[in-house]
Every structure is written in structure tokens, then in C-alpha cells.
Number of protein chains: 2
Amino acid sequence: MLYPTLKIVIADDHSLIRQGLRLSLETQVTKHVFEADNGADALKLIQFNKPDVAILDVEMPVITGYEVALKTLEKNTDTKIIFLTMYKDDSMFNKAMDLGVKGYVLKENTVTEIMHCLEAVIQGNQYVSPAIEELLNKRNSKSQNDSQLSINLENLTVAEKNIIKLLSMMKTSQEIADELNISIKTVQNHRNNICGKLGLTGAHALLKFAIEHAELIQ
Amino acid sequence: MLYPTLKIVIADDHSLIRQGLRLSLETQVTKHVFEADNGADALKLIQFNKPDVAILDVEMPVITGYEVALKTLEKNTDTKIIFLTMYKDDSMFNKAMDLGVKGYVLKENTVTEIMHCLEAVIQGNQYVSPAIEELLNKRNSKSQNDSQLSINLENLTVAEKNIIKLLSMMKTSQEIADELNISIKTVQNHRNNICGKLGLTGAHALLKFAIEHAELIQ
DNA sequence: ATTTTTATAGGTACTTGTACCCAGATCGGA
DNA sequence: TCCGATCTGGGTACAAGTACCTATAAAAAT
């Protein structure tokens with residue numbers, strides 16, 4: 001690492017990840033590391049310390065990393081933003097790129113990759129996880145089953161995603177209707193529309209699909 | 001830390017967490033740390049190295065930490081299992097306790113807490129994240145329910161076990177009837193009898209039960 | 001040898017989910 | 001402004017699962 005006097009803010013609600021990153025950064029010569037376990041504190045740390053780089057977890061409670069980045073980049077500071085995320089969510093990736101986020105790294109990537117990302121970003125370049133680039137290529141080629149499945153999943157409307165999420169928790173249409181304060185007929189219609197979009201037919205096909213793909217549904 | 005010659009397996013699909021944990025463990029005197037980024041490798045590492053403790057992420061792709069724990073504890077090894085998880089999922093917590101998992105720590109907890117957990121587990125105690133200790137209390141207060149559940153599962157007849165196994169594969173009564181060359185009415189009667197024995201009532205209760213407990217059904 | 005359990009099969013009623021149909025309200029883009 | 005997508009609700013029909021019955025033959029337990 002070529003920049004011994006870097007100031008870096010780390011924001012992640014998982015203490016484990018913060019401490020892992022801090023330990024890794026401190027085995028390099030970087031010394032000024034600030035930690036936050038939520039978006040609000042991260043924002044304060046960034047505004048007060050004006051770090052060179054802020055490494056933000058996208059999925060944080062209350063104030064997400066995305067919102068922190070939005071408010072930070074809005075204020076025209078020199079702080080570069082690196083997003084750290086669990087999921088290969090291409091819609092979030094696109095939003096991040098639109099915002100002007102310089103780095104995008106998956107948590108499944110190694111610490112050394114984050115170091116590469118850090119170096120690239122400090123030198124004024126962009127750095128994107130190879131795994132994400134691969135995803136983008138797959139999406140463009142539209143070849144595999146899984147990618148087509150996720151395309152179909154993304155074709156669902158907000159209400160439909162809401163329904164399928166509750167379905168994956170094994171709730172009945174009546175329970176969903178009560179929870180959302182809508183008619184059971186509306187829920188059934190959404191279910192039927194989802195079946196159409198996903199190409200599902202037959203007995204309890206959607207329920208089975210939702211349970212089988214529960215992890216993929218957010 | 002009182003145990004300098006511990007062997008520990010760490011399994012998590014997020015490299016960051018693995019490296020954070022490894023660095024933390026190695027600032028202690030523990031030296032033999034093995035890493036896996038998926039359940040299959042974790043299982044191999046455990047079977048080959050027979051570690052004192054395996055720290056498993058519950059949410060891993062393909063083979064989950066839960067399945068790794070299931071197969072490890074099945075084989076009567078001395079390896080203690082610690083679950084590391086993102087969510088305060090009480091159903092998973094209960095399943096983990098049923099299995100004989102010794103430690104249960106949330107990723108939002110600090111590394112020092114994991115160290116406490118490690119010490120407790122090595123000394124033969126259980127350690128549960130304070131955040132979900134309230135769930136443990138709930139569980140102890142109504143423990144008679146769970147023990148009745150497993151008794152009831154063993155009370156199922158051969159035909160009934162056969163049926164519930166096929167049910168956990170999300171097959172319909174008609175499909176099961178065809179597969180076993182019996183009437184669909186027989187299948188439906190068995191289903192109903194199973195519902196009675198397990199105390200299940202309501203919409204698709206048995207289907208949901210079979211899917212939720214698919215791993216426990218052989 | 002008699003009783004009990006199990007596996008088999010049927011009947012009937014009700015609930016839930018799937019498969020179509022329809023239509024009004026709202027909101028954003030062409 | 002109009003069109004299309006979305007969200008909302010309703011109707012009808014059928015399939016599948018649950019709930020509760022009865023019943024017979026074979027196997028197991030007593």
C-alpha cells in the first residue's frame with residue numbers, strides 16, 4: 001500500500017466484518033480507521049473526519065449505505081465511496097454507478113480484493129468485483145436458466161414481490177390479505193399473475209416455488 | 001484463552017468474515033485454523049481434521065451450515081458446533097438446539113463475544129447470543145411441546161413415514177398414489193392420520209410441516 | 001384365540017389454491 | 001390527452017388438501 005496517511009471510514013452493522021477489515025487495514029500502514037455500525041453514525045463520521053475513502057455496507061438498518069452515499073456525494077466532498085454488499089443485485093449496482101460510487105465489492109470476495117479496490121479508487125479509478133462483471137455479461141447474453149429466472153423475478157411488480165415474499169413464509173392468501181389490509185381476491189389475482197409470469201402451472205405450484213426459492217426472494 | 005492447541009474450522013461464504021475471524025483467533029494462541037467458503041468443503045475439513053470446534057455460517061449456498069452440522073453430529077465426532085448467523089430466526093434456532101449445536105452467535109455481535117462463546121463451548125457449556133437468549137427462555141418454558149413432537153414423529157407407522165417423506169419432496173397425493181400403486185384415498189387417509197398424530201390443523205399444515213422438517217424425515 | 005393395529009379404500013363436506021373471466025381507479029409515459 | 005401498466009376487487013369453475021365418517025382384510029400383539 002502506497003498511502004500511509006489514509007483516513008478511512010468503515011460502516012457495517014456486522015461487528016465481525018468491521019473488525020476483520022480494520023485488522024486487515026492495520027496490517028497495512030493505514031492507521032486512521034473509523035468504524036460505524038449504522039448509517040447515521042457513518043454519515044457523522046464522514047462529515048466530521050472527511051476521510052479519503054468510505055467503505056459502506058449497502059444493507060444497513062435504518063439508514064442504508066446507499067442513502068449515506070447519496071448524502072455524502074451530494075455535498076461535494078472528496079470522499080470516495082466503496083460499496084460492500086452481500087448480493088449480486090444488479091439493480092443496486094446500476095443505482096450505485098449512477099450515483100458516482102467508485103468501488104463495488106461483494107462480501108464473498110477476499111480482503112486482498114478490497115485492498116486492490118482501495119488502491120484503484122485512491123488512484124482515481126473505478127473498481128468493480130469480477131463476480132459482478134460476470135453477472136452483467138450473463139445478463140447481456142441471456143443464456144442460462146438461472147439468469148432467466150432472475151429476470152422473471154425482476155419482472156414482478158412491487159405488489160407481486162410483496163406477495164411472493166409473504167408466500168415464501170408459508171402464509172395463506174387470507175393471512176396475506178389480512179396483513180396487507182386488502183381483499184383476498186386481490187391476493188389471489190396477484191398469485192395468478194405471478195404464476196403466469198413465472199410459467200407456473202398445476203397444484204400449489206407457486207407455493208412450492210416460493211418455498212424452494214425462499215432465499216432468492218427479498 | 002486457555003487452550004493453545006485448539007483446532008478450529010471456520011466456514012463462511014464471505015471471505016471478509018473468515019479472515020476477520022482468523023486474524024482474531026490468531027491474535028490469541030490458537031494456531032490451527034482451517035477455512036472453508038462452502039458447506040461441502042467444511043464437511044471435508046471437519047471429517048479429515050476432526051477439529052475441536054467448527055464455526056459454521058448457517059446461510060451458505062448449496063450445502064448450508066445446518067446440513068453440515070446435521071451430518072457432523074450424526075457421525076458421533078467430538079467436534080463442537082458453533083452457529084454463526086445473520087438473523088434472529090427462532091425456528092432455525094430451535095432446529096439448531098434440537099441438533100445439539102453448542103453455540104449460537106449473531107454476526108452483529110462482536111468478536112470478543114465469539115471468543116467467549118468459544119471458551120464456553122470448549123469447557124463443555126452452551127453459549128447463546130444474549131439477543132436470542134429470550135428465545136431460549138421461551139423454549140425452556142414450553143419444552144414439553146418439542147419433546148412430544150419428536151415422539152410423535154417416531155410414532156408414525158411405516159406407511160405414514162413413507163407418505164410424509166414423499167410429501168417433503170413436494171409431491172401431491174395423486175403423484176404419491178401413482179408412485180406407490182395405491183388409491184389416492186388411501187394416501188389422503190394417511191395424510192389425515194399423520195395430521196392427527198402430529199396435532200396439525202388448518203390449511204396445508206402437513207405440507208408446510210413436511211417441507212420445514214424435510215431434513216429430519218428419513 | 002381374541003383383540004388391536006395397520007394398510008387399504010370409499011363417502012361427504014369444507015377450505016385453500018389455481019385458472020380463467022371481468023372492471024374501475026390511478027399513475028406515468030408517449 | 002390518451003394509452004398502458006399496475007393495483008384493486010369481484011365472479012365462476014375446478015383441483016387439491018383437510019376433517020370427519022365407515023369398512024374390510026391382514027398382521028401383530030395380547
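Computed from a prediction, not measured in an experiment: that's the story for all the values here. What's counted below: heavy atoms across the whole structure, side chains too, no hydrogens, waters or symmetry copies. Every chain is numbered from 1, with letters handed out A, B, ... down the list of sequences.
Residues B:Thr85 and B:Leu106 form a side-chain contact, since some pair of their non-hydrogen atoms from C-beta on lies under 4.5 Å apart. Between B:Leu206 and B:Ile164, some side-chain heavy-atom pair lies under the 4.5 Å cut-off. Residues B:Leu166 and B:Val187 form no side-chain contact, since every pair of their non-hydrogen atoms from C-beta on lies 4.5 Å or further apart.
Although no hydrogens or angles enter the test, the distance criterion places no donor-acceptor pair under 3.5 Å between the side chain of A:Ser173 and the main chain of A:Ile184. Under a 3.5 Å cut-off, the side chain of A:Lys7 and the backbone N or O of A:Asn49 do form a donor-acceptor pair. Panel note: side chain B:Lys71, backbone B:Leu43; no donor-acceptor pair is recorded below 3.5 Å. Judged by distance alone, the side chain of B:Arg18 and the main-chain N or O of B:Ile10 form no donor-acceptor pair under 3.5 Å.
Regarding B:Arg191, its CZ atom lies at a distance of 16 Å from the P atom of C:dA9, rounded to whole Å. To the nearest angstrom, C1' of D:dA5 lies 11 Å from CD of A:Glu160. What separates CG of B:Leu166 from P of D:dG17 is a distance of 13 Å, to the nearest Å. One atom, CG of A:Leu207, and another, P of D:dA16, lie 15 Å apart when rounded to the nearest Å. With rounding to whole Å, B:Leu167 atom CG is found 12 Å from D:dA16 atom C1'. Atom-to-atom, CD1 of B:Ile164 to P of D:dT18 comes out at 11 Å; the value is rounded to the nearest Å. Spacing between atom CD1 of B:Ile194 and atom P of C:dT8 amounts to 12 Å, rounded to whole angstrom units. Between A:Glu175 atom CD and C:dG17 atom C1' the separation is 14 Å, expressed in whole Å.
Put simply, B:Ser183 has a side-chain N or O that comes within less than 4.0 Å of OP1 or OP2 on C:dG10. The shortest distance between the side-chain N/O atoms of A:Thr172 and the OP1/OP2 oxygens of C:dT16 is not below 4.0 Å. Here B:His190 reaches the OP1 or OP2 of C:dT8: one of its side-chain N or O atoms lies under 4.0 Å away.
Using cut-offs of 30° and 60° for the angle between ring planes, the A:His204 and B:His204 rings count as perpendicular.
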Per-nucleotide protein contact along nucleotides 19-30 of chain C, 5' to 3', at a 4.0 Å heavy-atom cut-off (B base, S sugar-phosphate only, - neither), is BBB---------

Going 5' to 3' through nucleotides 24-30 of chain D, assign each nucleotide B (protein heavy atom under 4.0 Å from a base atom), S (under 4.0 Å only from sugar-phosphate atoms) or - (no protein heavy atom that close).
-> -------

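If you check every strand for non-hydrogen atoms under 4.0 Å, B:Ile184 touches nothing. Within 4.0 Å of B:Thr186, counting heavy atoms only, lies at least one base atom of the nucleic acid.
Shown here for A:Cys117 and A:Gly103, the closest heavy-atom pair between the two residues is SG-CA, 3.8 Å.
Using modelled atom types and a 3.5 Å distance limit, the side chains of A:Gln188 and A:Asn192 yield no donor-acceptor pair.
Of the candidate nucleotides D:dG9, D:dG17, C:dA9, D:dG9 has the atom nearest to the side chain of A:Ile182. Listed nucleotides: C:dT16, C:dT8, D:dC7. Nearest to the side chain of B:Ala159: C:dT8.
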